[in-house]
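Everything below concerns the one structure shown next.
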Amino acid sequence: MAALVPKILQATRNQNVYAVCCMIQSRDYSSKPYIIKNPTTATLKRGTGGRSSFSGKVCTVFGCSGFIGSHLCIRLGRIGSQVILPYRCDPYHIREWKVGGDLGQIFYHPFDLRDEESLIKCMKYSNVVINLIGANFETNNFSFKDVNVEAARKLARLAKECNVERFIHLSCLNATKEPTPLMLKDGSKILQTKWEGEQAVKEEFPEATIIRPSPVYGQRDHFLSHYLNTKRRTVSTQLSLWKKGKETEKQPIHVRDVVSGIVAIMNNHDTAGKTYQFVGPKRYKLDELVILLYKVTYHKSPLFVIISDIKYDLSAVLNVYFWQIVRSVHPVIDLSWEVLEYHHTSDNIDPALPTLEDLGVTPIEMESVLHAEVQAFGDEEMTRETIHKIKPLEIKSVLK
């Protein structure tokens, strides 16, 4: 009789396990998730705004695979925002953005600019949509107008239909209806279509916030790397600029300041419907800025760059045409007449428009971070003590 007791207990235990399994399966936990009746971010619990809390912002970032987008997504994750990342590239190219936010805070979704259904899926649960999409070259599938104007209009219109609270659109500083021609007869199409894109966004989403940044620099940018790329030079030490860069003035801004400005706009409802200018604290002539870059990059084995006028440099003209043709097949260097027209247009600041300082963001000086941003191009690491000793206005005398 005693031998039967363990067998009876084992059979009873098996029956209990079977009953529990049947009960769990009947509840269908995996196929019937709990659905919030009022799916708005205002109904969800919010934390202090750190990485492991919810800030109350669900952001869709179009253009997340770009230079500014990569920094912005990491920042949004750090402040506890849920981030939806639409992509049309290989998802492995943006997989690193996943670690920017806490578990379950970063989502990916494929999209196509011509497929409105995919766009709606990317933004219908968001209360903030940020458009960083822009083009500085044309392809067989998309022209400047398709990307800078029609895509911006479509995103703004669909965001309005999805009841998105905030729409932030990134333009560029010198966007204007009639750009001044420099090397191209009709001026820069980039600047013209950027201005048209701003007007399209305002028509579809009047409360949208427009951002006009000056050239943005940082690691893997399209500004510093444009001048430090060896393919940009016609010979080992010669770099061609329009009128030797003496009539072009730039106020570059660091990517961290741009990201800080976007976050400040996102968290301030008073910025709705306004246009902001993001510019750096210092203004440089282009030739002095280029010499500064090469002085910092090759400080141990100096590469004394010789600046020539592209108008009278036949090898530079042929170089532009060559890489412009190659660019249509495979992106090697961002070099074309449109890009040169854009780079050689002086930064025009409208005093009537607010800037980063109005958002409480103080832009950092270029000299304080330039040593870190050009390490990939130089021969050795530049120390902070060395870079602080270099002044742009004294570079010519130093090189002499």
Handout entry: From CA spacing to verdict: ring pair (Phe, Tyr, Trp, His ring centres under 6.0 Å), Y108, W97
Key = CA-CA 10 Å; Y108 295 89; W97 305 177; 8.8 Å; no
Practice task
Kindly determine whether D257 and S260 satisfy side chain to side chain donor-acceptor pair (under 3.5 Å), including the steps that lead there.
Solution key: CA-CA 5 Å; D257 294 329; S260 298; 5.2 Å; no
Exercise for the section: Please test I262 against L72 for side-chain contact (heavy atoms from CB on, under 4.5 Å), starting from the C-alpha separation and ending with a verdict. Expected result: CA-CA 8 Å; I262 294 176; L72 178 61; 4.0 Å; yes
Practice task
Report the C-alpha separation of E117 and K121 in whole Å, then their side-chain angles, then the decisive distance to 0.1 Å, and conclude whether the side-chain contact (heavy atoms from CB on, under 4.5 Å) test is met.
Solution key: CA-CA 6 Å; E117 183 179 354; K121 288 181 179 180; 3.7 Å; yes
Practice task
Take K145 and E150, measure what side-chain contact (heavy atoms from CB on, under 4.5 Å) needs, and give me the verdict at the end.
Solution key: CA-CA 6 Å; K145 190 167 185 177; E150 298 305 326; 4.0 Å; yes
Practice task
For the pair K285 and E247, evaluate salt bridge (Lys or Arg N to Asp or Glu O under 4.0 Å) and give the outcome as yes or no after the intermediate values.
Solution key: CA-CA 7 Å; K285 285 189 177 296; E247 298 187 12; over 6 Å; no
Practice task
Apply side-chain contact (heavy atoms from CB on, under 4.5 Å) to K124 and C162, showing your working.
Solution key: CA-CA 5 Å; K124 66 180 179 179; C162 294; 4.2 Å; yes
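Across all non-hydrogen atoms, the minimal contact from G273 to T209 is N-OG1, 4.0 Å. The shortest non-hydrogen separation linking I74 to G100 is CD1-CA, 3.8 Å. Of all heavy-atom pairs between I310 and V317, the closest is O-CG2, 3.6 Å. Looking at every heavy atom in both residues, P354 comes nearest to D358 through CA-OD2, 3.2 Å. Annotation for L356 and P363: closest pair CD1-CB, 4.4 Å, computed over non-hydrogen atoms. Scanning both residues, L224 and D221, for their nearest heavy atoms gives N-OD2, 3.1 Å.
When each of V216, T355, L170, I253 is paired with F278, the side-chain contact (heavy atoms from CB on, under 4.5 Å) condition holds for I253 and for no other. Among R153, K154, R157, the single residue meeting the salt bridge (charged side-chain N to carboxylate O under 4.0 Å, His left out) criterion with E203 is R153. When each of M183, E338, K194, H344 is checked for a side-chain contact (heavy atoms from CB on, under 4.5 Å) with S188, only E338 meets the rule.
A donor-acceptor contact shorter than 3.5 Å is absent between the side chain of N319 and the backbone of A316. At least one donor-acceptor pair under 3.5 Å links the side chain of K98 to the backbone N or O of I106. R232 places a side-chain N or O within 3.5 Å of a backbone atom of S240 that can act as its donor or acceptor partner. A donor-acceptor pair under 3.5 Å is absent between the side-chain atoms of E207 and the main chain of A272, judged by distance alone. Although no hydrogens or angles enter the test, the distance criterion places a donor-acceptor pair under 3.5 Å between the side chain of N148 and the main chain of A135. A donor-acceptor contact shorter than 3.5 Å links the side chain of R166 to the backbone of N268. Not a single donor-acceptor pair under 3.5 Å links the side chain of D313 to the backbone N or O of S308. Using a distance-only test at 3.5 Å, with no hydrogens or angles considered, a donor-acceptor pair links the side chain of N127 to the main chain of V58. In this structure a side-chain-to-backbone donor-acceptor pair under 3.5 Å is present from S118 to D112. With Q251 contributing its side chain and G280 its backbone, the two residues share a donor-acceptor pair below 3.5 Å.
You'll find the side chain of P179 stays beyond 4.5 Å of the side chain of W195, heavy atoms only. Two residues are said to be in side-chain contact when any heavy atoms from C-beta on lie closer than 4.5 Å; C59 and I84 fail this criterion. You'll find the side chain of L289 reaches within 4.5 Å of the side chain of F223, heavy atoms only. A heavy-atom distance below 4.5 Å is found between the side chains of L113 and I133. Side-chain contact between H254 and L370 is absent, with no heavy-atom pair separated by less than 4.5 Å. For the pair R212 and L353, the minimum side-chain heavy-atom distance is below 4.5 Å. Within the 4.5 Å cutoff, the side chain of K177 has no heavy atoms near those of the Q192 side chain. You'll find the side chain of L76 stays beyond 4.5 Å of the side chain of K57, heavy atoms only.
The cluster map of Ile, Leu, Val, Met, Phe, Trp and Tyr, joined by side-chain heavy atoms under 4.5 Å apart, puts L119 and I168 in different clusters. In this structure, I265 is a member of the same hydrophobic cluster as L132, with clusters built from ILVMFWY side-chain heavy atoms closer than 4.5 Å. Linking ILVMFWY residues whenever their side-chain heavy atoms come closer than 4.5 Å, directly or via other members, places V290 and L292 in the same cluster. Following chains of ILVMFWY side-chain contacts shorter than 4.5 Å, one cannot reach V279 starting from L286, and the two form parts of different hydrophobic clusters. When the side chains of ILVMFWY residues are joined at heavy-atom separations under 4.5 Å, either directly or via intervening members, M123 and V201 end up in a single hydrophobic cluster.
S55 and S81 share a donor-acceptor pair across their side chains, judged by distance under 3.5 Å alone.
Atoms OG and NZ, from S214 and K250 in turn, are 8.5 Å apart once rounded to the nearest 0.5 Å. Note: E373 CD to Q219 CD = 5.0 Å, rounded to the nearest 0.5 Å. D334 CG to Q324 CD: the interatomic distance, rounded to the nearest 0.5 Å, is 11.0 Å. To the nearest 0.5 Å, atoms OG1 (T345) and CD (E249) are separated by 12.5 Å. Here the CZ-CG distance, from F137 to L335, works out to 13.0 Å after rounding to the nearest 0.5 Å. Note that OG of S171 is 10.0 Å distant from CD1 of I211, once rounded to the nearest 0.5 Å.
Residues meeting the ring pair (Phe, Tyr, Trp, His ring centres under 6.0 Å) test with Y276, sequence neighbours left out: none. Partners of E178 under the side-chain contact (heavy atoms from CB on, under 4.5 Å) rule, at least two apart in sequence or in another chain, do not exist in this structure.
Salt bridge present: K282 and E367 bring a charged side-chain N and a carboxylate O closer than 4.0 Å. Comment: D287 engages K246 in a salt bridge, judged by a side-chain N to carboxylate O separation of less than 4.0 angstrom.
Taking the six-membered ring where tryptophan is involved, the planes of F111 and F62 are perpendicular, since the angle between them exceeds 60° and thus also 30°. The aromatic rings of F167 and H169 sit parallel to each other, their planes meeting at less than 30°, with 60° as the upper class boundary. Classification of the Y227-H343 ring pair by plane angle, with boundaries at 30° and 60°, yields perpendicular.
Cation-pi geometry between K160 and F205 is met: the NZ or CZ atom falls under 6.0 Å from the ring centre, inside 45° of the normal.
For Y87 and H109, the distance between ring centers is not under 6.0 angstrom.
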